[in-house]
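Everything on this sheet refers to the single structure shown next.
Atom set for the values below is all heavy atoms of this structure, side chains included, hydrogens, waters and symmetry mates excluded.
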Amino acid sequence: KDLVQLEAALDVWEAEEQREQQQAERLSKKRQGHFEDDNSVNQQCVLLLSNSFSQIKRIRTARWKGRRRGGRGKMLSRKGTTVEAEDEDELPDAINAAFVCREFDSLLAFTKAGHVFKLQALDVPLMQHKDVSMPIEELAPALPKDDGVTAVIAVPFALKDLSNEFAIMVTAKGCAKRVPLSGFRTLRSGKLCVACPLDEGDALRWALRAQSQDILVMVSETGASLCFQAHQLRASTLKAKCVPAMKLGGDSMGGCGICRADARSLA
């Protein structure tokens, strides 16, 4: 009986060792540039940004279970973090953004002052649903006192052709610019770089990934809207200034987004 138990334990140990060896081989191929998009390694995850983009956490979607419509949602963020809200009406740890990516994807983080830095989704610590998010400052280079992350773009690891992929940046005063994603390749991880020179009193509010035929939708705080195809913004470099994209008068930008559509949508 003892011999049978020993043989069973050895079989389990050998199976685990073989699985770890296969995973190590996949990671080795990835480092050598021969990585194949294997979902068992490059797992899908959700990045949650909260507290005005000052907190971040990574959760794997493999742990989620499908639920019926109309049920109670599962909490993804823990209430009452150690970070205090500056505004009494603002909820602590309120989620500002959530997006799906894979763990080998690159992340471009843009700041209010028009800077950008790069990191990998794997750099964000893997957490459980109830874990408290970590300060994004621990993953970012030193930022000026009044600066902070305002938007994040995920660039898929499997995306090799960047010829028609762009980052569109929009400011609070309705100015915008379009930069090819290939222009961010020279960024070093953890190094701050100027992405959008700003006029005095303006601030970068949004950064969106888009293709040239996509439609940029801009909405002011009073409800005025404007939409046009992204190629109407001339492709520029990181050092180029934004150009006026929407006349606001005394109004301010309330929001903007990308519509995946063709020219017939504007007919």
Side-chain angles (χ1 to χ4, degrees), residues 47-56 83 85-99 107-118 135-137 140-154 166-181 183-184 187 192-210 214-259:
L47 295 180
L48 296 176
L49 293 109
S50 55
N51 265 340
S52 299
F53 290 90
S54 65
Q55 304 276 107
I56 191 169
V83 179
E86 296 180 0
D87 188 348
E88 294 181 357
D89 296 332
E90 184 180 353
L91 292 174
D93 204 27
I95 293 178
N96 299 104
F99 57 90
L107 304 178
L108 299 175
F110 297 82
T111 73
K112 293 182 288 186
H115 295 100
V116 64
F117 62 91
K118 183 172 70 172
I136 200 170
E137 294 177 355
L143 298 176
K145 184 177 180 180
D146 297 331
D147 200 6
V149 175
T150 188
V152 176
I153 291 179
F166 300 87
I168 295 181
M169 290 161 267
V170 182
T171 72
K173 292 187 175 181
C175 296
K177 65 182 292 187
R178 178 169 64 104
V179 178
L181 283 183
F184 296 90
L187 292 181
L192 205 62
C193 178
V194 175
C196 182
L198 300 169
D199 293 331
E200 186 176 354
D202 203 357
L204 181 62
R205 292 283 305 278
W206 297 274
L208 308 164
R209 180 178 151 216
D214 292 339
I215 297 170
L216 175 63
V217 181
M218 305 176 66
V219 182
S220 72
E221 290 184 348
T222 59
S225 64
L226 176 71
C227 56
F228 56 88
Q229 284 191 286
H231 66 75
Q232 295 186 33
L233 291 170
R234 186 176 61 183
S236 59
T237 63
L238 291 174
K239 295 182 179 180
K241 296 187 67 174
C242 293
V243 297
M246 181 176 181
K247 293 182 179 180
L248 295 172
D251 202 357
S252 298
M253 282 295 301
C256 67
I258 294 295
C259 176

Using distance only, find each side-chain donor-acceptor pair of residues 166-173 under 3.5 Å and give its atom names and separation, not counting sequence neighbours.
| unit_1 | atom_1 | unit_2 | atom_2 | d |
| --- | --- | --- | --- | --- |
| Thr171 | OG1 | Lys173 | N | 3.4 |
| Thr171 | OG1 | Cys175 | N | 3.2 |
| Thr171 | OG1 | Asp202 | OD1 | 3.4 |
| Thr171 | OG1 | Asp202 | OD2 | 2.8 |

side-chain contact (heavy atoms from CB on, under 4.5 Å) assessment of Leu181 paired with Arg209: CA-CA 8 Å; Leu181 283 183; Arg209 180 178 151 216; 4.2 Å; yes

Do you know which two heavy atoms are closest between [X] and [Y], and how far apart they sit?
| X | Y | result |
| --- | --- | --- |
| Pro141 | Phe117 | CD-CG, 3.6 Å |
| Leu238 | Cys193 | CD1-SG, 4.3 Å |
| Ser225 | Val219 | CB-CG2, 4.1 Å |
| Ala207 | Ile153 | O-CG1, 3.6 Å |
| Ala176 | Leu233 | CB-CD1, 3.9 Å |
| Phe184 | Lys118 | O-NZ, 4.2 Å |

Residue pair Ile258, Trp206: steps toward the side-chain contact (heavy atoms from CB on, under 4.5 Å) verdict: CA-CA 11 Å; Ile258 294 295; Trp206 297 274; over 6 Å; no

Leu108 and Leu187, any side-chain heavy atoms less than 4.5 Å apart: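 Leu187 reaches Leu108 side chain to side chain.
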
Interatomic spacing from [atom1] in [X] to [atom2] in [Y] - rounded to 0.5 Å:
| X | Y | atom1 | atom2 | value |
| --- | --- | --- | --- | --- |
| Lys241 | Leu198 | NZ | CG | 8.5 Å |
| Cys259 | Asp214 | SG | CG | 8.0 Å |
| Lys112 | Cys196 | NZ | SG | 15.0 Å |
| Met253 | Met246 | CE | CE | 6.0 Å |

Derivation and outcome, side-chain contact (heavy atoms from CB on, under 4.5 Å), residues Lys239 and Val194: CA-CA 7 Å; Lys239 295 182 179 180; Val194 175; over 6 Å; no

Donor-acceptor under 3.5 Å (Thr150 side chain, Arg205 main chain):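 The answer is yes, because a donor-acceptor pair under 3.5 Å joins these two groups.
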
Expected output: side-chain Lys177 to main-chain Ser236 donor-acceptor under 3.5 Å: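 Side chain of Lys177 to backbone of Ser236: no pair is present.
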
Residues which pass side chain to side chain donor-acceptor pair (under 3.5 Å) with Thr111, listed by chain and number, not counting sequence neighbours: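 Residues passing side chain to side chain donor-acceptor pair (under 3.5 Å) with Thr111: Asp147.
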
Criterion side-chain contact (heavy atoms from CB on, under 4.5 Å) on Val149 and Ile56, from CA distance to verdict: CA-CA 11 Å; Val149 175; Ile56 191 169; over 6 Å; no

Sequence neighbours excluded, every pair satisfying side-chain hydrogen bond (donor to acceptor under 3.5 Å, both in side chains) that has a member inside residues 245-254: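 Pairs touching residues 245-254 that pass the test: Ser220-Asp251, Thr222-Asp251.
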
